[in-house]
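Right, one structure below, let's go through it.
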2 protein chains.
Amino acid sequence: MGRPAKFTHSQLQAAALALVDREGLAGLSMRALAGELGTGAMTLYNYVSQREDIDLLVVEAVIGEARWPLAGYAQWQDEVRAIATALWQAVRAHPHAIPLILTRRSRSPAVFEVTEALLRALARSGRSGPALLVAFRAVSGLITGLAQSELAGPLALQAEESAELTIARFRALPAERFAHLIDIANAAAGSTADGEFRASLDLLLAGLSADRGGER
Amino acid sequence: MGRPAKFTHSQLQAAALALVDREGLAGLSMRALAGELGTGAMTLYNYVSQREDIDLLVVEAVIGEARWPLAGYAQWQDEVRAIATALWQAVRAHPHAIPLILTRRSRSPAVFEVTEALLRALARSGRSGPALLVAFRAVSGLITGLAQSELAGPLALQAEESAELTIARFRALPAERFAHLIDIANAAAGSTADGEFRASLDLLLAGLSADRGGER
DNA sequence: ACCTGAACACCGTTCAAGT
DNA sequence: ACCTGAACACCGTTCAAGT
């Protein structure tokens, strides 16, 4: 409850995110962050109670970067698309932070704000209660799930290898046993993450538009 | 290339998964896994080249548990649902392992097999190439995304608190500013993860059924 | 060929002490 | 009230040596 003076919350946040962007997740230690701030490791414990709080600072910083036009959407689908895309782009701008965004519970204001905004847009489809919950689960699941599939799915690029090499690896699989895997690996060679995101989101929006969430 | 004799690959896998299930992710260290196997830490380096390979053993073990009827699906939607649900249940049976499944690239045979099976089912919708890739991204994204949202989304339960307490926390938010968040928190109180999964998947399947992936 | 203990360079965190 | 170094109990991994 006492409020320390040497650093602000957003100074810690910015330093932690800068460290992750620069050095990767493995570089984010209490000692390294303290060094980034020009102090000793133990000083950080005046601001956070445990190491995991540092991860939450990073998540908050990334999600907090999402920006989208607040009004002027003729259709709720356009508004959902705008918010989802803003989140997607904020996450993709900090690839090293993705594992944290996937695994850390954040209850920061920035996360609440964007969640409520997405819900508001989805509610324009006529949904509330359980149907709104499901729509939200599906859309937010798709956003993080697509970030995940790029990071760690079977088609994810190896950290140190080119896209060509990853695809070549698939082409080397037994052709008839993994015919479809080889097919989509080839397709992936000619597609972009943004394009795949947009198309996947459109599939889900088609489903959300077809079933307007009638009462149940 | 030499093949060590003291332990088999699946012995390591089983021991690692048992350790994670029992002690949580923090309990999975080289030393602890070696202890589980009754040997010294350095012995493990005869089987894996680095610590992260242990994580991959766990991912492989979990995904490898997915089981579903291999044939007899009148509709491709039913087959997609069966495979997706099998994956979902395998993941949910090992909640401590979820962060690894979200963040670790696995290229094990078990992962390839289930991926190809899912693709085969999706291909029955008439899709191939880019459209099949997008359908796959959407479905697998949704599966892992929903596991993620339970683990770390804004509505995720705190490790040490009851569902009631989590929901009470949302009810305490400013009512008009977070009206929809409070609405779905209330809805979450009366729903199950399985139900939400099924309903979200159905939304996406509706989208996949509406747009049969015409050529492009 | 396979196994393994000692040692090194890290971690997060407790504790006690500074101002 | 806020700050911080020393020390502790861990890590993953290198190295050198065992059989």
Side-chain angles (χ1 to χ4, degrees), chain A residues 1-60 96-97 99-100 103-106 159-160, chain B residues 1-60 96-97 99-100 103-106 159-160:
Chain A
M1 293 298 125
R3 62 206 101 80
K6 208 174 173 190
F7 304 109
T8 66
H9 182 79
S10 69
Q11 273 179 310
L12 290 220
Q13 226 181 255
L17 183 55
L19 190 56
V20 169
D21 283 343
R22 181 155 39 86
E23 315 269 355
L25 269 190
L28 183 65
S29 70
M30 299 297 275
R31 284 169 169 89
L33 179 57
E36 185 90 2
L37 290 161
T39 186
M42 292 318 300
T43 299
L44 297 178
Y45 284 91
N46 292 304
Y47 302 86
V48 297
S49 67
Q50 44 173 341
R51 163 56 221 259
E52 203 186 318
D53 295 346
I54 304 289
D55 291 345
L56 292 178
L57 285 177
V58 175
V59 173
E60 189 184 357
H96 285 145
L100 299 184
T103 60
R104 295 310 193 257
R105 274 180 282 269
S106 175
E160 298 87 2
Chain B
M1 297 300 123
R3 61 205 102 80
K6 208 175 172 190
F7 305 109
T8 65
H9 182 78
S10 70
Q11 271 178 311
L12 291 220
Q13 226 180 255
L17 182 56
L19 190 56
V20 170
D21 283 343
R22 182 156 37 85
E23 315 269 354
L25 269 190
L28 184 66
S29 71
M30 299 297 275
R31 284 169 169 89
L33 179 56
E36 185 90 2
L37 291 161
T39 186
M42 292 319 299
T43 300
L44 297 178
Y45 284 91
N46 292 303
Y47 302 86
V48 298
S49 68
Q50 42 172 343
R51 163 53 220 259
E52 204 186 319
D53 295 346
I54 304 291
D55 292 344
L56 293 179
L57 284 177
V58 174
V59 173
E60 189 184 356
H96 285 146
L100 299 184
T103 60
R104 297 309 194 257
R105 278 178 280 268
S106 175
E160 297 86 4

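Model, not experiment: these values are computed from the prediction.
Between A:Tyr47 atom OH and C:dG12 atom P the separation is 18 Å, expressed in whole Å. Going from atom CZ of B:Phe7 over to atom C1' of C:dC3 covers 10 Å, rounded to whole Å. The separation between A:Glu52 atom CD and C:dC11 atom P is 18 Å, rounded to whole Å. Distance A:Leu44 CG to D:dG5 P: 12 Å, rounded to the nearest Å. Rounding to whole angstrom units, CG of residue B:Leu37 and P of C:dT4 are separated by 11 Å. Rounded to a whole Å, the CE atom of B:Met30 is 15 Å from the C1' atom of C:dG5. For the pair A:Leu33 CG and C:dT13 P, the computed distance is 13 Å after rounding to whole Å. Taking atom CG of B:Asn46 as the reference point, atom P of C:dT4 lies 8 Å away to the nearest angstrom.
Close to D:dC3, at under 4.0 Å from its OP1 or OP2, lies no side-chain N or O of A:Thr39. Of the side-chain N and O atoms in A:Tyr45, one or more sit less than 4.0 angstrom from OP1 or OP2 of C:dT13.
With C:dC3, D:dT13, D:dT4 as the choices, the nucleotide that has an atom nearest any side-chain atom of B:Arg51 turns out to be D:dT13. For B:Thr43, the listed nucleotide lying nearest its side chain is C:dC3; candidates were C:dC3, D:dC3, C:dG12.
Side chain of B:Tyr45 to main chain of B:Gln50: no donor-acceptor pair is present (N/O by atom type, distance under 3.5 Å, no hydrogens or angles). Put simply, the side chain of B:Thr43 never gets that close to the backbone of B:Thr39: no donor and acceptor are under 3.5 Å apart. One N or O on the side chain of A:Thr8 and one on the backbone of A:Gln11 form a donor-acceptor pair closer than 3.5 Å. A donor-acceptor pair is defined here as one N or O able to donate and one able to accept, closer than 3.5 Å; such a pair exists between the side chain of B:Ser29 and the backbone of B:Ala32.
In this structure, B:Arg105 does not pair ionically with B:Glu52, as no charged nitrogen and carboxylate oxygen lie closer than 4.0 Å. A salt bridge links A:Glu36 with A:Arg22: the distance from a Lys NZ or Arg NE/NH1/NH2 to an Asp or Glu carboxylate oxygen falls below 4.0 Å.
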- Message: In dot-bracket form, 5' to 3', how is DNA chain C paired? Count Watson-Crick and G-U wobble pairs only if both distances fall under 3.5 Å, and write | where the partner sits on another strand.
- Response: ||.|||||...|||||.||
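Positionally, the nearest nucleotide of DNA chain D for A:Met42 lies more toward the 5' end than for the other of A:Met42 and A:Arg31.
When A:Asp21, A:Leu12, A:Val20, A:Leu25 are each tested for a side chain to side chain contact (heavy atoms under 4.5 Å, CB included) with A:Val58, only one passes: A:Val20.
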